[in-house]
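For this chain, numbers begin at 1 and follow the sequence in order.
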Amino acid sequence: MRVGITGHRGLSKDVEQRVRAMLAEAVRGFDADGLTAVSCIADGPDSWFAQAVLEHGGQLEVVVPATEYRESLPEWHHPVYDELYGSAADVHETGMAESSSEAHQAGSEILVGLVDELIAVWDGKPARGYGGTADVVAYAERTGVPVRIVWPEGASR
C-alpha cells in the first residue's frame, strides 16, 4: 500500500500533538509489510507521517518539489529533513529549481500520482496560497485517488 501525505504546516503544539496521535493511529491500521509513505518531508505532517511509517516498519519515498526546496524550509527542520531523505528508498523530483508555489503543486501532483491513498491533515478550508493542502486534496479527488481527512475536532490553524 502506497500512502501519500499532505497537510498544514505551522500548527500549534496542542494541534501538533493531536495530529501526531491521529497519524500514528492511521499508520497502525496498515500492514507494515508493503507499506510505503510518499512525502515531500516538509516540517509538520509530511515529516510526522514519514516518521510514523518508518517506526511502523514501512518504507519512505520522497518527492522533492525543487532543487532549492530544502533551503526554503525552516533551518531547524533541516536535520529532520536530512535524516528522512537519507532513509528514502526512492526519490522523485519535479526538475524545477525554484521552491515556488508552482513547484510545490507539481511535487504534490507527482506524489498523488504515486499513491493508492492520500492522507490530508486539512481543516477543510481553502488554501492560503496556490499549492496548499486544499489544492492537493482537490487534485487527488479529480484524479480518483481516495482522500482520508485527518483533523482534530475543534482545532484551528
Assess whether a salt bridge exists between Glu61 and Arg2, defined as any Lys/Arg side-chain N lying under 4.0 Å from an Asp/Glu carboxylate O. yes
4.5 Å side-chain heavy-atom contact, Val64 and Val91: yes
Answer whether the closest heavy-atom distance between the side chains of Phe49 and Pro45 falls below 4.5 Å. no
May I ask you to test the Leu118-Ile5 pair for a side-chain heavy-atom distance under 4.5 Å? no
For the pair His77 (side chain) and Ile41 (backbone), establish whether a donor and an acceptor sit closer than 3.5 Å, ignoring hydrogens and angles. yes
Which distance, rounded to the nearest 0.5 Å, do you find between the CH2 of Trp48 and the CE of Met22? 12.0 Å
Ring centers of Tyr130, His104 separated by less than 6.0 Å: no
Group every Ile, Leu, Val, Met, Phe, Trp and Tyr by side-chain heavy-atom contacts under 4.5 Å, then state whether Leu84 and Val121 land in the same group. no
Least distance between heavy atoms, Leu35 atom then His56 atom: CD2-CD2, 3.9 Å
To the nearest 0.5 Å, tell me how far Met96 CE sits from Glu68 CD. 11.0 Å
Could you walk me through whether Trp122 and Thr6 pass the side chain to side chain contact (heavy atoms under 4.5 Å, CB included) check? CA-CA 8 Å; Trp122 181 42; Thr6 188; over 6 Å; no
Any chance you could measure Tyr85, atom OH, to Arg70, atom CZ, to the nearest 0.5 Å? 11.0 Å
Heavy-atom closest pair (Ala120 atom, Val137 atom, distance to 0.1 Å) is CB-CG2, 3.5 Å
Atom of Ala42, atom of Leu73 and distance for their closest heavy-atom approach: CB-CD2, 3.9 Å
Nearest 0.5 Å, what's the OG-CZ distance between Ser12 and Arg157? 12.5 Å
For residues Ala26 and Ile119, report the shortest heavy-atom separation together with the two atoms involved. CB-CD1, 4.2 Å
Looking at every non-hydrogen atom in both residues, tell me the closest pair between Thr94 and Ala66 and how far apart they are. OG1-N, 4.2 Å
Check whether any side-chain heavy atom of Leu60 sits under 4.5 Å from a side-chain heavy atom of Ser39, and report yes or no. yes
Smallest separation among heavy atoms of Gln105 and Val136, with atom names: OE1-CG2, 4.1 Å
Apply side chain to side chain contact (heavy atoms under 4.5 Å, CB included) to Arg20 and Gln51, showing your working. CA-CA 10 Å; Arg20 280 181 180 263; Gln51 290 166 328; 3.8 Å; yes
Would you find a donor on one side and an acceptor on the other, under 3.5 Å apart, between the side chain of Thr143 and the backbone of Ala140? yes
Polar side-chain atom of Ser99 near backbone of Ser72 as donor-acceptor pair, under 3.5 Å: no
Establish whether Val150 and Val53 are linked, either directly or via other cluster members, by ILVMFWY side-chain heavy-atom contacts under 4.5 Å. yes
Do the side chains of Val62 and Ile110 join up, straight or via other hydrophobic residues, at under 4.5 Å, putting them in one cluster? no
Are Tyr81 and Val63 connected, step by step, through hydrophobic side chains (Ile, Leu, Val, Met, Phe, Trp, Tyr) whose heavy atoms are closer than 4.5 Å? no
Look at the side-chain heavy atoms of Ile, Leu, Val, Met, Phe, Trp and Tyr, link any pair under 4.5 Å apart, and say whether Tyr69 and Val112 land in one connected group. no
Find out whether Val115 and Met1 are in side-chain contact, i.e. whether some heavy atom of one side chain is under 4.5 Å from a heavy atom of the other. no
Atom pair OG (Ser156) and CH2 (Trp151), whose distance is rounded to the nearest 0.5 Å: 7.5 Å
Here the gap from Glu16 atom CD to Asp43 atom CG, rounded to the nearest 0.5 Å, amounts to 10.0 Å
Should we say atom CD of Glu71 is surrounded by more than 12 heavy atoms from elsewhere, each under 6.0 Å from it? yes
